[in-house]
Amino acid sequence: MEMKLYSHADAARIREMILDLHDAVYGEEGDTFHSRERFGEFYDHWSGKDEWSCAVSFTDGTPVGFAYGSPFGPGGWWKGSERPAAVEPDATVFGFSELLVMQEARKTGISGRLHDAVVSSRGNDVATLLVDTAHPKVQALYESWGYAKADEQKPFDDSPVFAVLVKRLRG
């Protein structure tokens with residue numbers, strides 16, 4: 001397994017690779033929220049941030065997973081959710097936006113390595129992410145990495161309900 005780190009400067013160059021991986025996992029979902037077009041909009045939004053970080057894992061030269069995110073601006077938080085009182089107003093917050101691993105590469109530790117590479121890339125105080133509440137095993141995985149549920153939210157009409165998870169990184 002090989003892992004490569006990418007930045008905002010690389011986003012356009014790796015876009016199709018990331019969208020192809022997403023399609024390989026979600027292509028059969030059939031809903032608009034998981035469509036290539038919709039995911040492309042999310043990717044463009046996040047990768048358009050100057051401090052965006054992305055890690056891609058490769059097996060024998062073939063991409064098998066990715067993770068990405070970016071720090072929020074000062075005081076920033078997820079759309080549709082209040083910043084938890086436990087997250088101090090001056091804390092720097094990393095928004096962990098996406099983690100995806102191909103079925104054949106799951107249960108190998110790749111997801112944890114991708115997560116750690118991206119979340120540690122900016123030296124923030126807190127990391128936060130959203131996880132679909134219909135996937136309790138995924139939520140339990142994040143909780144085993146030190147995240148705790150702070151809230152629930154539904155940021156878009158066509159999105160699932162998400163658990164808002166928070167993890168202290170420093171301080």
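All values reported here derive from a predicted model rather than from experimental measurement. No hydrogens, no waters, no symmetry mates; every other heavy atom, side chains included, goes into these values.
With rounding to the nearest 0.5 Å, the separation of CG in D44 from CG in L19 is 7.5 Å. One finds the CG atom of L114 at 5.0 Å from the OG atom of S57 (value rounded to the nearest 0.5 Å). Distance OG1/T59 to CD/E2: 9.5 Å, rounded to 0.5 Å. The line from OG of S97 to CG of L129 is 9.5 Å long, rounded to the nearest 0.5 Å. Atom-to-atom distance recorded for D20:CG and R15:CZ is 10.5 Å, nearest 0.5 angstrom. Rounded to the nearest 0.5 Å, atoms CG (L130) and CD (E98) are 9.5 Å apart.
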Test side chain to side chain contact (heavy atoms under 4.5 Å, CB included) on V64 and T108 and set out the steps.
CA-CA 11 Å; V64 295; T108 64; over 6 Å; no
Test side chain to side chain contact (heavy atoms under 4.5 Å, CB included) applied to D132 and V138, step by step:
CA-CA 8 Å; D132 186 338; V138 176; over 6 Å; no
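Here E143 does not pair with K167 in a salt bridge; the nearest charged N to carboxylate O distance is not below 4.0 Å. A salt bridge is absent between E16 and R13; no separation between the charged side-chain nitrogens and carboxylate oxygens falls under 4.0 Å.
The heavy-atom pair separating D151 from S81 by the smallest distance is OD2-OG, 2.8 Å. C54 and I14 make their closest contact through SG-CD1, 4.0 Å (heavy atoms, listed as atom of the first residue, atom of the second, distance). The nearest pair of heavy atoms linking L165 to K149 is CD2-CA, 3.4 Å. Shortest non-hydrogen contact noted between V166 and P84 is CG2-CG, 4.2 Å. A11 approaches W52 most closely through the heavy-atom pair CB-CZ3, 3.8 Å. Counting all heavy atoms, side chain and backbone alike, V87 lies closest to R168 at CA-NH2, 4.4 Å.
Judged by distance alone, with hydrogens and angles left aside, the side-chain atoms of K154 form a donor-acceptor pair with the main-chain N or O of D157 at under 3.5 Å. N124 places no side-chain N or O within donor-acceptor distance of the main-chain N or O of V126, the cut-off being under 3.5 Å. In this structure a side-chain-to-backbone donor-acceptor pair under 3.5 Å is missing from T133 to F162. Within the 3.5 Å criterion, the main-chain N or O of S47 finds a donor-acceptor partner in the side chain of H8. Judged by distance alone, the side chain of D10 and the main-chain N or O of S7 form a donor-acceptor pair under 3.5 Å.
Under the 4.5 Å side-chain criterion, counting only non-hydrogen atoms from C-beta, E51 is in contact with R122. Counting only heavy atoms from C-beta outward, the side chains of L100 and Y26 approach each other to under 4.5 Å. The shortest distance between side-chain heavy atoms of T92 and P71 does not fall below 4.5 Å. A heavy-atom distance below 4.5 Å is found between the side chains of V56 and I18. Counting only heavy atoms from C-beta outward, the side chains of E88 and D125 never approach each other to under 4.5 Å. Contact check for T62 versus M102: no side-chain heavy atoms found under the 4.5 Å cut-off. Residues F66 and V101 fail the side-chain proximity criterion, which asks for heavy atoms closer than 4.5 Å. Within the 4.5 Å cutoff, the side chain of F58 has no heavy atoms near those of the M3 side chain.
The environment of CD in E82 is sparse: at most 12 heavy-atom neighbours from other residues, nucleotides or ligands sit within 6.0 Å.
Y6 pairs by the ring-ring contact (aromatic ring centres under 6.0 Å, His included) definition with nothing, not counting sequence neighbours.
Side-chain rings of F156 and F42 approach one another, their centers coming within less than 6.0 Å. Residues W145 and F96 place their aromatic rings such that the two centres sit no closer than 6.0 Å. For Y147 and H115, the ring centers are positioned less than 6.0 Å apart.
Annotation: salt bridge (Lys or Arg N to Asp or Glu O under 4.0 Å) contacts involving residues 104-120, sequence neighbours excluded, are absent. Pairs engaging residues 63-78 under the side-chain hydrogen bond (donor to acceptor under 3.5 Å, both in side chains) rule: W78-T128 [sequence neighbours left out].
Follow the hydrophobic side-chain contacts under 4.5 Å out from V161 and you never reach V164; the two are in separate clusters. Cluster membership check: L5 does not share its hydrophobic cluster with F94, using side-chain heavy-atom separations under 4.5 Å among Ile, Leu, Val, Met, Phe, Trp and Tyr.
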